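Everything quoted here is computed from the prediction, not taken from an experiment. Worth knowing before you read on, the calculation uses all heavy atoms, side chains too, and leaves out hydrogens, waters and symmetry mates.
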Amino acid sequence: MRVSVIGTGYVGLVTGTCLAETGNEVICVDIDESKVEKMKNGEVPIYEPHLDVIFERNIKANRLRFTTSLEEGLNHGDIIFLALPTPEGEDGSADLKYILGVADDIGKLIKDYKVIVDKSTVPVGTSEKVREAIAKNTSVDFDVVSNPEFLREGFAVDDFLKPERIVIGTESDRAIQLMKKLYQPYVRSGNPIIVMDEKSAELTKYAANSFLATKITFMNEIANFCEKVGADVDKVRIGMGTDSRIGKRFLFPGIGYGGSCFPKDVKALQKSGLDLNYDFKILNAVIETNTTQKTILIPKIKNYFNNNLKGKNIAIWGLAFKPETDDIREAPALFVINELLKEGVNITAFDPEAMPNVERQLGSKIKFVDDMYSALDGVDALVICTEWSIFRTPNYNKVRDRMKETVIFDGRNLYELNEIHKEVKFYSSIGR
Ligand code: UDX
């Protein structure tokens with residue numbers, strides 16, 4: 001099939017590349033000329049495991065092309081994906097200026113029937129607004145479909161190629177048939193393509209992400225309570241998670257959820273509620289608890305150092321909001337660093353992928369090093385903010401040789417308590 005993807009951010013790029021991988025002819029459109037030029041030369045603008053290989057393969061096969069021309073993109077595709085940013089506006093609601101701006105242009109350029117697909121995470125009612133924005137400039141027939149993405153960073157390629165479900169929101173039979181044809185190769189295993197009205201599809205995305213954020217936050221509170229009563233959250237987690245109604249996944253406590261989706265989506269759903277005089281009390285609590293959780297290690301660190309952190313040297317392992325990404329949006333590590341800097345701490349940080357992004361933001365406020373052990377040279381403590389695999393089995397001889405004192409604050413519960421207590425002088429984690 002012929003497909004176009006407008007916007008080559010994280011979602012657009014993964015969508016375009018993975019659609020080309022099953023033989024579709026894809027054109028990706030972006031207004032950023034230098035980015036388009038780089039992509040034409042085979043350069044992937046984001047870090048995402050496995051994306052580079054299929055990106056290169058499909059460019060070589062001429063199934064994946066790039067342009068800055070919306071007109072070229074629109075003429076090419078039978079299906080046009082909108083994968084545009086929906087940043088958090090000042091009041092917490094999703095800002096639709098990019099999506100509606102492109103919709104307006106589509107109305108001016110459209111020549112024949114197209115299915116316009118909303119891939120971005122958008123509030124309920126956006127498809128309708130997109131339809132209106134297009135229709136005011138044209139009398140050509142088209143359909144608008146809501147098709148939310150459920151891609152996890154770090155696993156996006158796999159999530160796209162083998163989705164647990166595809167949600168399609170539209171009542172147009174013509175659009176349903178085209179969308180089903182497009183997605184059929186991805187659900188061979190029998191996973192469902194769920195067709196519903198567009199509003200329900202739009203809400204499904206917010207409901208799913210807000211539920212997951214709530215699940216994590218609930219566990220974070222259980223972890224905090226475990227510390228009060230002397231229970232071990234790892235045990236509680238396993239005890240709970242084996243109940244299939246609860247499920248094992250997304251029960252890992254830590255220093256809060258971050259990233260480009262959960263924080264933004266939870267706030268946007270809360271705001272959509274308020275706009276309609278509906279107070280989402282559970283989401284209010286989730287947002288508040290997660291804010292506190294991001295810096296939950298700080299009082300523990302202060303307590304250990306008798307409330308005086310000034311001039312202390314502290315290493316940070318992990319800056320990305322989660323492993324296997326260089327994304328630092330809403331990353332708990334940044335909140336931890338900010339608090340430590342306020343206390344007058346000297347920080348040395350290591351992350352396998354995210355250091356350039358943090359350096360752009362923090363400049364010389366903290367020191368960056370090229371390997372995890374160099375970060376430990378002469379430090380008073382180590383704080384772990386992201387559960388990268390390489391941190392899981394450190395060489396403790398090196399850790400002891402390099403740290404002034406082997407004091408570890410672990411925001412991701414990486415180590416078995418029995419083991420770690422044999423290796424280091426002091427170890428503190430979450431809920432254990
Ligand atoms: C998420 C959703 O999973 C995906 O379906 C959606 O469409 C986009 O948002 P992503 O933000 O890439 O994906 O990351 P995810 O793996 O879901 O983790 C989100 C946050 O929750 C991270 O900060 C992670 O550290 C945290 N988390 C996750 C926990 O603290 N505990 C857990 O058990 C799981």
So, the side chain of [X] versus the backbone of [Y]: is there a donor-acceptor pair under 3.5 Å, distance only?
X: Arg329; Y: Phe321; value: no
X: Thr17; Y: Val14; value: no
X: Thr289; Y: Val286; value: no
X: Thr325; Y: Asp327; value: yes
X: Lys367; Y: Ala375; value: no
X: Lys267; Y: Ile287; value: no
X: Asn413; Y: Gly254; value: no
X: Asp91; Y: Ser93; value: yes
X: Asp159; Y: Arg152; value: yes
X: Asn147; Y: Ile168; value: no

Quick one: do [X] and [Y] make a salt bridge, cutoff under 4.0 Å?
X: Glu343; Y: Lys310; value: no
X: Asp234; Y: Arg237; value: yes
X: Glu43; Y: Lys35; value: no
X: Lys425; Y: Glu405; value: yes
X: Lys199; Y: Glu202; value: no
X: Glu423; Y: Arg400; value: yes
X: Glu153; Y: Lys322; value: no
X: Arg402; Y: Asp377; value: yes
X: Glu359; Y: Lys365; value: no
X: Glu387; Y: Arg392; value: no
X: Arg245; Y: Asp243; value: yes

Evaluate the side-chain hydrogen bond (donor to acceptor under 3.5 Å, both in side chains) criterion for residues Ser374 and Asp371: first the C-alpha distance (whole Å), next the side-chain angles of each, then the deciding distance (0.1 Å), finally the verdict. CA-CA 6 Å; Ser374 303; Asp371 80 287; 2.3 Å; yes
Look at the aromatic rings of Phe81 and Tyr183 and report parallel, tilted or perpendicular, splitting at 30° and 60°. perpendicular
Anything under 30° is parallel, anything over 60° is perpendicular, the rest tilted; go ahead and classify Tyr186 against Phe160. perpendicular
Is there a side chain to side chain contact (heavy atoms under 4.5 Å, CB included) between Val53 and His50 once you walk through the steps? CA-CA 6 Å; Val53 179; His50 314 303; 5.8 Å; no
Are Ile316 and Ile337 close enough, and set up right, to give a side chain to side chain contact (heavy atoms under 4.5 Å, CB included), and what steps lead you there? CA-CA 8 Å; Ile316 306 274; Ile337 288 172; 4.2 Å; yes
When the ring centroid of [X] is compared with that of [Y], is the distance short of 6.0 Å?
X: Trp317; Y: Phe350; value: no
X: Tyr278; Y: Phe280; value: yes
X: Tyr415; Y: Phe409; value: no

[atom1]/[X]: more than 12 non-hydrogen atoms of other groups inside 6.0 Å:
X: Ile246; atom1: CD1; answer: yes
X: Tyr98; atom1: OH; answer: no
X: Glu227; atom1: CD; answer: yes
X: Lys271; atom1: NZ; answer: yes

side-chain hydrogen bond (donor to acceptor under 3.5 Å, both in side chains) between Asn224 and Gln293, worked out: CA-CA 9 Å; Asn224 297 340; Gln293 195 70 17; 2.9 Å; yes
Are Lys215 and Phe250 in a cation-pi setup, meaning NZ or CZ lies under 6.0 angstrom from the ring centre and within 45 degrees of the ring axis? no
Test log, rule side-chain hydrogen bond (donor to acceptor under 3.5 Å, both in side chains), inputs Asn191 and Arg165: CA-CA 6 Å; Asn191 286 345; Arg165 84 305 207 177; over 6 Å; no
Decide side-chain hydrogen bond (donor to acceptor under 3.5 Å, both in side chains) for Ser272 and Asp275; before the verdict, give the C-alpha distance in whole Å, the side-chain angles of both, and the deciding distance to 0.1 Å. CA-CA 5 Å; Ser272 301; Asp275 288 345; 5.5 Å; no
Test Val145 against Ile116 for side chain to side chain contact (heavy atoms under 4.5 Å, CB included), laying out the working first. CA-CA 6 Å; Val145 172; Ile116 312 291; over 6 Å; no
Checking salt bridge (charged side-chain N to carboxylate O under 4.0 Å, His left out) for the pair Lys38/Glu33: CA distance, chi angles, key distance, verdict? CA-CA 9 Å; Lys38 282 184 190 157; Glu33 277 174 31; over 6 Å; no
Just do the side chain to side chain contact (heavy atoms under 4.5 Å, CB included) check on Lys294 and Ile255 with the steps written out, would you? CA-CA 5 Å; Lys294 283 181 176 171; Ile255 47 173; 5.7 Å; no
